[in-house]
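To start, the structure under review is shown below, and the notes come after it.
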Number of protein chains: 2
Amino acid sequence: MRVRLEDVARAAGVSPKTVSRVLNDEANVRESTRERVRAVVAELNYRPHLSARSLASNHSYTVATLYDNPSSSYLTEVQDGVLEACDQRHYSMLVRPLDTEAPDFVERVDTLISAHRPDGLVLTPPVSDHPGLLQRLHERNVIYASVSPKQRADTIGVYMDEQEAAREIVTHLIQLGHRRIAHAIGHTVHGAGTWRLAGYRQALTDAGIPVEPALVVQGDFSFDSGVQAARQLLALERPPTAIFAGNDDMASGVLWAANEHGLSIPNDLSVCGFDDVPISRQVWPTLTTVHQPARDMGRIACQQLLDVLRGQGPGRMVQVPYALKLRASTAPPR
Amino acid sequence: MRVRLEDVARAAGVSPKTVSRVLNDEANVRESTRERVRAVVAELNYRPHLSARSLASNHSYTVATLYDNPSSSYLTEVQDGVLEACDQRHYSMLVRPLDTEAPDFVERVDTLISAHRPDGLVLTPPVSDHPGLLQRLHERNVIYASVSPKQRADTIGVYMDEQEAAREIVTHLIQLGHRRIAHAIGHTVHGAGTWRLAGYRQALTDAGIPVEPALVVQGDFSFDSGVQAARQLLALERPPTAIFAGNDDMASGVLWAANEHGLSIPNDLSVCGFDDVPISRQVWPTLTTVHQPARDMGRIACQQLLDVLRGQGPGRMVQVPYALKLRASTAPPR
DNA sequence: CTCCGGTTTGACAGCGCTGTCATACGGGAG
DNA sequence: CTCCCGTATGACAGCGCTGTCAAACCGGAG
């Protein structure tokens, strides 16, 4: 039979409650007692039963990460970051892919919460922006941290100044000499889509270049939408000399379509992306992009959440820095 | 306060135990009672408390997926498949990234099992091949299903005939007219690395082509190792006319290195991969590869596991079919 | 009408832990 | 030496559910 807390208590000559105190790092245990208990725990290789603990304490020591994201590499990194933070504090992580468009979306999350009782949630976009969900979470007093939410007020989590980053990378294109710069937009329901578009517009405006509607085409952050967008742009009578894609997946799609058109990158067309996920280094030529520290962001969001859960402060909305990665897909126009 | 089973029982005018029976689809409940209880459950929006259930029943209704894999897209697909199977049967999934090389690897898994008490595990390569782990699992009587394990005997799960698939794709290269065909091997601690190499050798041998040691270079399934391997191969005095890479990530690396050398694919060099993960369609030119139904494999492995857990049969080692995807990266040699 | 066996239902304990509260301890002040 | 108060420890109940086993019920055979 497995070792229970009671067994540890007996072996250490203390009461179960004292063992519990030691395990949970509670105050008011004599140091010598603490050490003795710890030794027995190690000797017997005791591991607490999480369900029992959860039932008794009304904490699950679990964080659930919710997502509905097309980019698996971005997501994996965020997830890894969340896991890292969880591990540090002996929390465990539950993952839940969701369809934010589904009619029963909120109810599904509700069920998850009722069943598993996670102590808190980490929301990644676009889950972090679903008004219906956020409202329900507030109603139920569920604590959550958001990664890159549209609305940062009264929310804890992590974000990056995406608009400024987008402005900078487009400015880089302008400095190279480009004037006809297109933008393949990502999902505008994501904050990311909106901010990156705003940064693009701002860069052009700052440089006195008019924003030409034909050069702004809709996509959805997927590779395929990048291909479509590029096809559309390259078919224009006066095609752009540079394309700023909403993210690296789309930028890779742009590269692909450019190949299809027999264009040489970056000589015939400059391309840049956003995120700096692995594919940006795996396509030819490597993509100029903005580095988004996704893993750090996952970790930080989860840390903020855990701080609040453990009563260690109110939790903050932390800003992380971006970094331009100038690689091989951008050059002066011919 | 949240709705408890007792509340449902009171509202339905039955005992808690009867509600429990209905919720768990147990026999010996009159149909009319069952319906009444179900109606109340729906009306009160009752959700069982998983920790309580788990504590009382000694089942956690949780499956843990263990991995240590460099390819995030492969993994995400497998994970999605596992989740799909879990959802169907109202199980939940816990994920756990691991480092199979770490000295405390087995102990970490041990802790996970003791703490969360998953009813079963889904192991993905290379976790599925770690002898120390498997032994511990047997000792502890932990039930698991493996995805593509090296040893299929006495194990449930799912596999694909990778050797035969590799043989077929290399044969495809031979039929195109290639004679100097190289292979960039994946990790040979993975079954995948071994099988694909074996298939490569067999295809050459079957065609009466000698296996040239210089044309077989070691990699580790990563993009970078594909780049390295290709650089090495292309620097040979008599470079190959075709390279079969251990997986799509490596094949993408080969393409990248070929670009670096100014080679035109597939005219100067044919390249093929294995797995059919998204990147194989996102590079230029699109990769000829072998489709591995990763999502299905995750689902099937988990289904086998759940069958065993629920006493519905002994569980099997299921073979899934592969499919050659002939795309744009292969052509006759010049 | 009684008896019998299977079916349906319920009473009750207990899963392994923690919260609450009472008690014991121990050292300094008076 | 006694009293007091903060610190350390333990007794006990109970978290929400299910396993076990006993009881009630029901329909058909005798």
Side-chain angles (χ1 to χ4, degrees), chain A residues 1-38 40-41 44-62 90 92 113-117 119 309-311, chain B residues 1-38 40-41 44-62 90 92 113-117 119 309-311:
Chain A
M1 197 45 209
R2 80 177 260 108
V3 184
R4 286 159 309 141
L5 185 139
E6 191 193 334
D7 305 322
V8 176
R10 200 173 312 120
V14 295
S15 76
K17 179 67 219 190
T18 298
V19 178
S20 170
R21 285 194 181 91
V22 173
L23 291 173
N24 294 293
D25 285 324
E26 284 176 31
N28 297 333
V29 178
R30 192 179 300 147
E31 199 49 41
S32 60
T33 311
R34 204 180 282 277
E35 276 167 24
R36 187 152 35 95
V37 170
R38 288 231 173 89
V40 175
V41 165
L44 299 183
N45 197 29
Y46 167 75
R47 314 278 177 216
H49 189 305
L50 260 42
S51 293
R53 172 188 287 200
S54 160
L55 182 60
S57 68
N58 209 25
H59 295 319
S60 62
Y61 299 94
T62 296
H90 303 291
S92 50
I113 295 171
S114 299
H116 288 276
R117 309 308 200 77
D119 293 337
L309 293 179
R310 299 164 42 119
Chain B
M1 196 46 207
R2 78 176 263 110
V3 183
R4 286 159 310 141
L5 187 138
E6 190 192 336
D7 305 322
V8 176
R10 199 174 312 120
V14 295
S15 76
K17 179 66 219 191
T18 298
V19 177
S20 169
R21 284 195 182 93
V22 173
L23 291 172
N24 294 293
D25 285 325
E26 284 176 31
N28 296 334
V29 177
R30 194 177 298 146
E31 200 48 43
S32 59
T33 311
R34 202 179 284 275
E35 278 166 23
R36 187 152 36 95
V37 171
R38 288 230 172 89
V40 175
V41 165
L44 299 183
N45 197 29
Y46 168 75
R47 313 277 176 219
H49 189 305
L50 260 42
S51 293
R53 174 189 287 199
S54 161
L55 182 60
S57 68
N58 209 24
H59 295 320
S60 62
Y61 299 94
T62 295
H90 303 290
S92 49
I113 295 173
S114 299
H116 289 276
R117 310 307 202 75
D119 293 336
L309 293 179
R310 299 164 43 118

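Just so you know, these numbers use all the heavy atoms, side chains as well, and skip hydrogens, waters and symmetry mates. Labels below follow one simple rule: chain letters A, B, ... track the order of the sequence lines, proteins then strands, and each chain is numbered from 1.
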**Gap between atom CG of A:D119 and atom OG of A:S54 - 0.5 Å precision** = 7.5 Å
**Fill in**
To the nearest angstrom, the CZ-P distance between A:R117 and D:dG16 comes to 8 Å
**CG-NE2 distance between A:L50 and A:H90, expressed to the nearest 0.5 angstrom** = 11.5 Å
**Message:** Can you see whether A:S15 engages A:T18 through a side-chain donor-acceptor pair at a distance of less than 3.5 angstrom?
**Reply:** yes
**Request:** Go through C:dG16, C:dT18, D:dC17 for me and flag the one nearest to the B:A52 side chain.
**Result:** D:dC17
**Request:** Indicate whether OP1 or OP2 belonging to D:dT18 is found under 4.0 Å from a side-chain N or O atom of B:N24.
**Result:** yes
**Request:** Hey, could you give me the CG/CZ distance between A:N58 and A:R117, rounded to the nearest 0.5 Å?
**Result:** 6.5 Å
**Request:** Sort out for me which residue in B:V14, B:V22, B:V41 forms a side chain to side chain contact (heavy atoms under 4.5 Å, CB included) with B:R36.
**Result:** B:V14
**Prompt:** B:R53 has an atom CZ; how far is it from atom C1' of C:dG16, in whole Å?
**Reply:** 18 Å
**Message:** Just verifying a value: how many Å separate B:L55 CG and A:R53 CZ, rounded to the nearest 0.5 Å?
**Reply:** 13.5 Å
**Message:** Using five pairs at each end of the helix from C:dC1-D:dG30 to C:dG30-D:dC1 to define an axis, what is the angle between those two axes, to 10°?
**Reply:** 50°
**Request:** Please determine if a side-chain N or O atom of B:Y46 lies less than 4.0 Å away from the OP1 or OP2 oxygen of D:dC17.
**Result:** yes
**Item:** Any B:S20 side-chain N or O less than 4.0 Å from OP1/OP2 of D:dT18
**Value:** yes
**Message:** If I take atom CD in residue B:E26 and atom P in nucleotide C:dT8, what distance separates them, rounded to the nearest angstrom?
**Reply:** 13 Å
**Item:** Main-chain N/O of A:Y61 paired with A:H59 side-chain donor or acceptor, under 3.5 Å
**Value:** no
**Asked** Can you check the A:R10 CZ to C:dC17 C1' distance for me, whole Å?
**Response** 15 Å
**Message:** Expressed as a whole number of angstroms, how long is the span from B:L44:CG to D:dG16:P?
**Reply:** 15 Å
What nitrogen or oxygen pairs link the protein and nucleotides 9-11 of chain D at under 3.5 Å?
residue: D:dT9; atom: OP1; partner: A:T33; partner atom: OG1; Å: 2.7
residue: D:dT9; atom: OP2; partner: A:R30; partner atom: N; Å: 3.0
residue: D:dG10; atom: OP2; partner: A:S15; partner atom: N; Å: 2.7
residue: D:dG10; atom: OP2; partner: A:S15; partner atom: OG; Å: 3.1
residue: D:dG10; atom: OP2; partner: A:T18; partner atom: OG1; Å: 2.7
residue: D:dG10; atom: N7; partner: A:R21; partner atom: NH1; Å: 3.3
residue: D:dG10; atom: O6; partner: A:R21; partner atom: NH2; Å: 2.6

**Message:** Rounding to an integer number of Å, can you tell me how far B:L23 CG sits from C:dT9 C1'?
**Reply:** 16 Å
**Item:** Separation of D:dG16 P from B:R2 CZ (nearest whole Å)
**Value:** 7 Å
**Request:** Taking all heavy atoms of A:R2 and all of A:R47, pick out the closest pair and write down the distance.
**Result:** NH2-O, 2.5 Å
**Item:** Nucleotide C:dG14, atom C1' - distance to CG of B:N58 in whole Å
**Value:** 12 Å
**Item:** Side chains of A:R34 and A:E31 in contact at under 4.5 Å (non-hydrogen atoms)
**Value:** yes
